[in-house]
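Working notes, beginning with the structure itself.
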Amino acid sequence: MCARYVFFSGRSFGDEFGVVAVPDLQPRYNIAPTQIVPAVIQTEKSREVMLFQWGLVPSWAKDPTIGSRLINAKAETLAEKPAFRTAFKRRRCLIPADGFYEWKGEKGAKQPFFISCKHHPFAFAGLWEYWEGVEGVLQTCTIITTNANGLVQEVHDRMPVILAPDEYDIWMDHAIAPARLEPLLDPFPEKEMTMHPVGKMVGNPRVDDPSLIEAVATGGLFGEAP
DNA sequence: CCAGACGTTGTT
DNA sequence: GTCTGG
DNA sequence: CCAGACGTTGTT
DNA sequence: GTCTGG
């Protein structure tokens with residue numbers, strides 16, 4: 001899955017993502033569900049960055065707190081699930097990131113790992129949704145997950161879908177045939193990724209500083225590379 | 001027909 | 001909004 | 001994912 | 001133990 005991630009590159013991702021105006025974004029090292037995150041969407045004329053609450057709330061939801069449990073959407077079932085299928089057809093987005101965290105081990109003794117791509121920032125494949133209720137208006141998003149590749153498999157069986165730059169145009173094309181989207185949801189190549197254990201402080205969502213992504217020693221436990 | 005669900009992950 | 005279950 | 005709350009009544 | 005919030 002993907003329940004915490006990192007995005008510290010701020011404005012600098014605009015060129016690569018084909019976005020003209022990028023808001024000033026603070027570097028983040030511990031983005032948690034329900035927080036406000038930037039995502040790139042395709043309008044009729046251009047690509048724009050908009051801010052979304054992480055955790056998709058379907059337009060028909062009576063209780064918007066369901067969003068806190070819909071932080072990920074499974075790639076294999078996106079097209080069928082009522083909560084996601086409309087967004088999959090019409091509201092795909094790119095969610096910029098510099099890495100993400102996964103945990104390995106038993107409850108109470110979990111070791112967090114920071115996982116990144118050799119070329120970053122990069123983009124998660126995401127969906128977004130619009131919701132309106134008595135509580136107000138919400139624009140929310142979710143990160144699509146797929147099977148872990150060989151590297152990430154060491155700590156977890158799922159990982160976020162990461163798109164290569166040459167896939168952005170297809171992903172953002174509103175007229176594309178769904179069959180052409182499926183190959184984009186495959187696991188990102190492990191040879192283009194890196195992973196190392198980090199301190200347990202990342203578990204606290206109120207902590208957010210650069211030291212969170214620094215490697216720590218684990219005494220050879222958890223099976224990471226020496 | 002109406003009522004009720006609609007989701008992912010990890011853990012048990 | 002749309003499908004499933006009763 | 002983890003952290004933190006989780007409640008009612010009566011009194012000020 | 002289980003739900004909510006971040």
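Note that the structure is a prediction, hence the values are computed from the model and not measured. Per chain, numbering begins at 1; letters A, B, ... match sequence-line order. Side chains included, hydrogens not; waters and symmetry mates left out as well; all remaining heavy atoms used.
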message: Using a 4.0 Å heavy-atom cut-off, does A:Y101 contact any base of the nucleic acid, only the sugar-phosphate backbone, or nothing at all?
response: nothing
- prompt: For the rings on A:F84 and A:F88, is their centre-to-centre separation under 6.0 Å?
  reply: no
- request: With a 3.5 angstrom cut-off on both distances, give the Watson-Crick or G-U wobble partner of D:dG7, or none if there isn't one.
  value: none
task: Could you check whether A:W60 gets within reach of a base, just the sugar-phosphate, or nothing at all, counting any heavy atom under 4.0 Å?
output: base
- request: Output all residues satisfying ring-ring contact (aromatic ring centres under 6.0 Å, His included) with A:Y101, sequence neighbours left out; order by chain, then residue number.
  value: A:F114
field: Centroid-centroid distance, A:F188 to A:F122, less than 6.0 Å
entry: no
query: When we call it a touch if two heavy atoms are under 4.0 Å apart, what does A:T77 touch: a base, just sugar-phosphate, or nothing?
result: sugar-phosphate
query: Now, which nucleotide makes the Watson-Crick or G-U wobble pair with B:dC1, with each of the two distances under 3.5 Å?
result: C:dG6
message: Please pick, from B:dT9, D:dC2, B:dG7, the nucleotide with the shortest atom-to-atom distance to any side-chain atom of A:R4.
response: D:dC2
- prompt: Tell me: CZ of A:R69 to P of B:dT11, nearest whole Å?
  reply: 18 Å
Separation of the C1' atoms in B:dT9 and C:dC3, to the nearest angstrom: 24 Å
message: Students often get this wrong, so: under 4.0 angstrom with heavy atoms, is A:P33 touching a base, only sugar-phosphate, or nothing?
response: base
message: Of the listed nucleotides (D:dC2, B:dC6, B:dT8), which one gets closest to any side-chain atom of A:A83?
response: B:dC6
message: Classify A:D208 by what it touches in the nucleic acid, base, sugar-phosphate, or nothing, heavy-atom distance under 4.0 Å.
response: nothing
field: A:E129/A:R91 ion pair, N-O < 4.0 Å
entry: yes
message: Check the phosphate of D:dC1 against A:K110, side-chain N and O only, distance under 4.0 Å to OP1 or OP2. Yes or no?
response: yes
task: Please list, chain by chain and in numerical order, all residues satisfying side-chain hydrogen bond (donor to acceptor under 3.5 Å, both in side chains) with A:D24, sequence neighbours excluded.
output: none
- prompt: Can you give the first and last nucleotides of DNA chain C, 5' to 3', that have an atom under 4.0 Å from a heavy atom of chain A?
  reply: C:dG1 to C:dC3
